[in-house]
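Beneath this line is the structure, given in C-alpha cells, with notes to follow.
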Amino acid sequence: MTTRGLRNNNPGNIERNATRWQGMSAIQSDDKRFVQFDHAKWGIRAIARILITYQDKRRAKDGSPIDTIQEIINRWAPPFENPTDAYAAHIAIVLSSGVNDYIDIYEYDIMFNIVKAIIHFENGVQPYDDATINQGLRLAGIDVPVKPLSKSRTIKAASTASATTSLTILLEGFGEIIEPLAPYVDSIQYVLLAVTMIGIGITVWARIDDANKENR
C-alpha cells in the first residue's frame with residue numbers, strides 16, 4: 001500500500017487552498033484535503049517552491065528571516081498538529097547540521113537533501129530516484145549541477161585530442177626529415193583535421209549522453 005502523499009504525487013502532503021499549482025491534476029475530487037498532481041516531479045517542485053517562499057518572503061515568529069531548519073519546519077509542520085521538533089531533528093540529521101544553524105535553501109545540496117528528508121518523514125519512505133528529485137528542483141528554479149563526465153571517458157576523449165596535437169607538433173618539428181612527403185601534405189592535413197574532429201565529437205557526445213542520463 002502506498003501512502004496518501006505518494007498516491008497524490010504530492011509527497012510533501014501540501015494542503016489544498018486557493019493556489020493553482022503547476023502540474024495540478026485537472027480533477028481534484030479524489031482527495032478533499034491534499035493537492036493532487038499529475039506527476040511526482042510537480043509535487044516535488046511544489047515542496048521546493050514553498051521552501052523558497054519561506055526564505056524569501058516569510059518571517060519567523062521573532063521577525064527574522066526563515067533560514068534555519070527549526071524555523072523552516074515550525075512553518076512547514078506547526079506544533080499544533082505535528083511532532084515539529086522530531087521533524088526538525090530528522091532534517092538536521094540528514095544535513096549533518098544543527099537545527100538552529102543557518103542554511104541557504106538556494107544551495108543545491110541543501111535543497112536536495114531537505115526535499116528528500118521531507119518526503120521520507122511525510123511518507124515513511126523516499127521512493128524517488130535522484131533524477132526525479134532533480135526534475136522537480138529544476139522546475140522550481142534551482143540550479144541543478146550537470147553530472148561531470150566519468151574520469152575514464154574524460155581521459156579517453158582528451159587523449160584523442162592530445163594525440164592529434166602531438167602528431168601536428170611532430171610534423172612541424174621534423175620538417176626536413178619528412179620533406180619527401182611534401183607532395184602529400186594536403187592529404188596529411190585532411191587526415192589530421194579528421195582525427196581532430198573525431199576527438200571533439202567524442203567529447204561532445206559524451207557530455208550530451210551524460211546530461212541526458214541525468215534528466216531521465
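Sequence positions, counted from 1, serve as the residue numbers for this chain. Both backbone and side-chain heavy atoms feed into the values below; hydrogens, waters and symmetry mates do not. Worth saying up front: this structure is predicted, and the values here are computed from it rather than measured.
A 4.5 Å side-chain heavy-atom check between I105 and I142 finds every atom pair outside the cut-off. Residues R59 and P65 meet the side-chain proximity criterion, which asks for heavy atoms closer than 4.5 Å. At a threshold of 4.5 Å between non-hydrogen side-chain atoms, the residues R58 and T53 count as touching. Under the 4.5 Å side-chain criterion, counting only non-hydrogen atoms from C-beta, I103 is not in contact with T68. Between W21 and I14 the shortest side-chain heavy-atom distance falls below 4.5 Å.
When hydrophobic clusters are built by joining Ile, Leu, Val, Met, Phe, Trp and Tyr residues whose side-chain heavy atoms come closer than 4.5 Å, directly or via intermediates, Y128 is grouped together with V125. By the criterion of side-chain heavy atoms lying less than 4.5 angstrom apart, applied directly or through intervening Ile, Leu, Val, Met, Phe, Trp or Tyr residues, I73 is not grouped with V99; the two fall into different hydrophobic clusters. Under the 4.5 Å side-chain contact rule for hydrophobic residues, I47 and F34 do not share a cluster. By the criterion of side-chain heavy atoms lying less than 4.5 angstrom apart, applied directly or through intervening Ile, Leu, Val, Met, Phe, Trp or Tyr residues, M111 is grouped together with L95 in one hydrophobic cluster. Residues L137 and Y106 share a single hydrophobic cluster, defined by chaining ILVMFWY side chains whose heavy atoms lie under 4.5 Å apart.
Put simply, the side chain of D101 gets close to the backbone of G98: a donor and an acceptor are under 3.5 Å apart. With hydrogens and angles disregarded, a donor-acceptor distance shorter than 3.5 Å links the side chain of Q28 to the backbone of Q36. Remark: the backbone N or O of V35 is paired with a side-chain donor or acceptor of N10 at under 3.5 angstrom. Without hydrogens or angle criteria, S64 side chain to A60 main chain gives no donor-acceptor distance under 3.5 Å. A donor-acceptor pair under 3.5 Å is formed between the side chain of N9 and the backbone N or O of F37.
Heavy atoms only, all atoms of each residue included: H39 and K41 are closest at ND1-N, 2.9 Å. Residue Q70 comes nearest to A88 through the heavy atom pair OE1-CB, 3.7 Å, listed as atom of the first residue, atom of the second, then distance. Summarising the geometry of M24 relative to D38, their closest heavy-atom pair is O-OD2, 3.6 Å, with the distance given to 0.1 Å. Closest approach of L139 and R45 over heavy atoms only: O-NE, 3.3 Å. Annotation for P11 and L6: closest pair CB-CD2, 4.2 Å, computed over non-hydrogen atoms. Heavy-atom minimum distance, I44 versus G136: CG2-CA, 3.9 Å.
Here CD of Q135 is found 8.0 Å from CG of D129. Values are rounded to the nearest 0.5 Å. Put simply, CD1 on I93 and CD1 on I69 are 10.0 Å apart, with the number rounded to the nearest 0.5 Å. Between D67 atom CG and D56 atom CG the span is 11.0 Å, to the nearest 0.5 Å. Note: N113 CG to S97 OG = 11.0 Å, rounded to the nearest 0.5 Å. Remark: T19 OG1 to R49 CZ distance equals 12.0 Å, nearest 0.5 Å.
Between the side chains of E122 and W76, at least one donor N or O sits under 3.5 Å from an acceptor N or O. Side-chain contact check for N100 and E71: no donor-acceptor pair (N or O, by modelled atom type) lies under 3.5 Å. A donor atom on one side chain and an acceptor atom on the other are not found under 3.5 Å apart for T84 and N82.
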Checklist entry - Does the pair K116 and D130 meet the rule for a salt bridge (Lys or Arg N to Asp or Glu O under 4.0 Å), with working shown? => result CA-CA 9 Å; K116 290 183 71 173; D130 290 356; 3.5 Å; yes
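Contacts of F112 classified as ring pair (Phe, Tyr, Trp, His ring centres under 6.0 Å), with partners at least two apart in sequence or in another chain: Y108.
Applying the side-chain contact (heavy atoms from CB on, under 4.5 Å) test between L51 and each of I66, I110, I72 identifies I72 as the sole match. Each of R4, K32, R33 was compared with E15 under the salt bridge (charged side-chain N to carboxylate O under 4.0 Å, His left out) criterion, and only R33 meets it.
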